Amino acid sequence: MFRHPTRLVVLAVLALVAVHADAQKLRKLYHLADSILTERYWRSNIDTNYVTRPETKWTIVGQYNLAGARLRIDGTSGGQTELMDFTTDVKSTVSANVSYRGLSLSCSVNPAKLWGKYDDTELSFRSYGRSFGFDLTYQDANNFEVEFTTGEDRQKMTLPDNIFRLQTLNINAYYAFNNHRFSYPAAFSHSYIQRRSAGGFLLGASIQAQHGHMEANDMQVDFRITNYALGAGYGYNFVPGRRWLIHFSTLPTIVIYNKTSLSSSDTSYPFHNRFPEFIVTTRFSVVKQISNSLFAGLSSIYYFTHIGRNDQLTFSNQKWISRVYLGFRL
């Protein structure tokens with residue numbers, strides 16, 4: 001049946017040898033990567049009376065997330081106050097995070113967007129290290145409820161899609177002092193465990209970039225806002241019991257650079273700032289250690305920005321993200 005059975009046997013043996021060699025290379029690569037991650041994982045200058053590392057290698061977390069934003073524009077003209085208050089639809093997503101020795105991979109899904117009921121786009125990145133960390137959120141929103149107020153007159157309505165588009169980028173970074181006893185990751189990424197109550201001062205930097213565009217009734221309104229801010233704050237991890245952790249931190253930063261442009265139908269208008277102007281970032285978290293391998297909790301981050309002069313024109317931005325989760329350590 002086979003004209004060259006010996007040749008076929010030789011080829012099969014060579015193929016098995018090649019597969020075995022590749023498997024050995026993969027095993028060596030895996031052990032090398034594992035040793036590097038393990039050495040990095042345990043190389044932490046921490047006070048183990050206050051903070052410890054989980055003994056397990058794997059951490060798996062399932063999350064349900066809610067997010068929303070609000071923009072309020074206040075103006076005064078001829079002694080009369082005018083207000084536009086925009087609120088986005090609340091966005092909900094489900095996500096999963098898998099971490100191996102502190103190296104994480106996550107994925108999230110918005111069911112409403114998959115079903116075509118939600119057109120907005122939102123991206124979120126976060127990294128909480130022992131001494132340094134950051135949050136980054138980007139939102140491209142087209143769905144709004146808006147409240148118009150002119151003097152004593154007030155109207156509230158849902159804007160048709162694509163009448164108003166708002167793109168917003170928020171970045172907040174921190175450096176945590178007393179990080180050998182006070183652990184940000186214990187409250188948010190769960191790569192550490194806080195054993196005793198401790199707090200620490202924070203240094204922070206914030207960036208906000210925003211572009212809004214409204215087009216209706218042959219009129220176009222366009223504005224762009226860029227803020228850079230530096231500041232300091234404080235965070236505290238409260239451990240009321242053996243298996244509980246409550247975190248609260250606030251990080252106000254003072255705007256050191258602002259650039260704002262405002263135009264309507266190709267006509268530009270001046271914008272006047274006042275000093276000081278702030279970007280405030282607040283974080284909150286509750287963690288319950290149900291067992292040695294099971295934990296649950298909730299966390300929230302809130303951004304607030306207010307710029308402009310109250311007697312002329314002001315922009316107030318609020319952005320919040322809240323999460324509830326259940327996690328396993330393996």
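Computed from a predicted model, the values in this text were never measured in an experiment.
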Exercise. Does Arg195 make a cation-pi contact with Tyr50, if we ask for NZ or CZ under 6.0 Å from the ring centre and within 45° of the axis?
Worked result: no
Exercise. Counting distance only, does the side-chain N/O of Arg130 pair as donor-acceptor with the main-chain N or O of Pro185 below 3.5 Å?
Worked result: no
Problem set entry | Other residues, nucleotides, ligands: >12 heavy atoms within 6.0 Å of Phe177 CZ | yes
Exercise. Would a distance-only check, ignoring hydrogens and angles, find a side-chain to backbone donor-acceptor pair under 3.5 Å from Thr168 to Gln210?
Worked result: no
Exercise. Using the ring of each side chain (for Trp, its six-membered ring), is Phe188 parallel, tilted or perpendicular to Tyr128, with breaks at 30° and 60°?
Worked result: parallel
Problem set entry | Close aromatic pair by centroid cut-off 6.0 Å: His190 and Tyr325 | yes
Exercise. Is the shortest side-chain N to carboxylate O distance from Arg72 to Glu147 below 4.0 Å?
Worked result: no
Exercise. Would a distance-only check, ignoring hydrogens and angles, find a side-chain to backbone donor-acceptor pair under 3.5 Å from Arg126 to Gly133?
Worked result: no
Seminar exercise, completed: Checking Lys259, Glu277, Gln208 against Asn227 for side-chain hydrogen bond (donor to acceptor under 3.5 Å, both in side chains), the one that qualifies is Gln208
Seminar exercise, completed: In Tyr184, Phe284, Tyr236, the residue satisfying ring pair (Phe, Tyr, Trp, His ring centres under 6.0 Å) with His247 is Tyr184
Exercise. Distance under 6.0 Å and angle within 45° of the ring axis: does Arg53 meet both against Tyr192?
Worked result: yes
Problem set entry | Over 12 foreign heavy atoms within 6.0 Å of CG, Asn310 | yes
Exercise. Parallel, tilted or perpendicular: which fits the ring planes of Phe304 and His306, with parallel below 30° and perpendicular above 60°?
Worked result: parallel
Problem set entry | Common cluster, Ile193/Val287, ILVMFWY with side-chain heavy-atom separation under 4.5 Å | no
For this session: Examine Val286 and Leu66 and state if one hydrophobic cluster contains both, with Ile, Leu, Val, Met, Phe, Trp and Tyr joined whenever side-chain heavy atoms are less than 4.5 Å apart.
Result: yes
Exercise. Is a side-chain donor or acceptor of Asn237 paired with a backbone partner of Leu245 at a separation under 3.5 angstrom?
Worked result: no
For this session: Measure the acute angle between the ring planes of His211 and His213, then classify it against the limits of 30° and 60° as parallel, tilted or perpendicular.
Result: tilted
Problem set entry | Donor-acceptor contact present, side-chain Thr158 to main-chain Glu145, <3.5 Å | no
Exercise. Heavy-atom count around Lys288 NZ within 6.0 Å, excluding the residue itself: above 12?
Worked result: yes
Problem set entry | Flag, side chain of Gln194 to backbone of Arg181, donor-acceptor distance under 3.5 Å | yes
Exercise. Parallel, tilted or perpendicular: which describes the rings of Phe164 and Phe223, with under 30° parallel and over 60° perpendicular?
Worked result: tilted
Exercise. With Ser293, which residues qualify under side-chain contact (heavy atoms from CB on, under 4.5 Å), at least two apart?
Worked result: Ser291
Problem set entry | Ile225 with Leu169, same ILVMFWY side-chain cluster at under 4.5 Å | no
Exercise. With side chains defined as the heavy atoms from C-beta onward, is the minimum distance between Arg243 and Phe295 less than 4.5 Å?
Worked result: no
Exercise. Does the Arg274 side chain pair with the main chain of Gly308, one donor and one acceptor, at a distance under 3.5 Å?
Worked result: yes
For this session: Could you give me the CA-CA distance, side-chain angles and deciding distance for Tyr100 and Trp58, then say whether ring-ring contact (aromatic ring centres under 6.0 Å, His included) is met?
Result: CA-CA 5 Å; Tyr100 180 81; Trp58 293 91; 4.7 Å; yes
Exercise. What do you reckon, is OH of Tyr234 surrounded by more than 12 foreign heavy atoms closer than 6.0 Å?
Worked result: yes
Problem set entry | Option from Asp135, Ile171, Leu136 for which side-chain contact (heavy atoms from CB on, under 4.5 Å) with Phe125 holds | Leu136
Problem set entry | Check: Thr226 main-chain N/O paired with Arg224 side-chain donor or acceptor under 3.5 Å | no
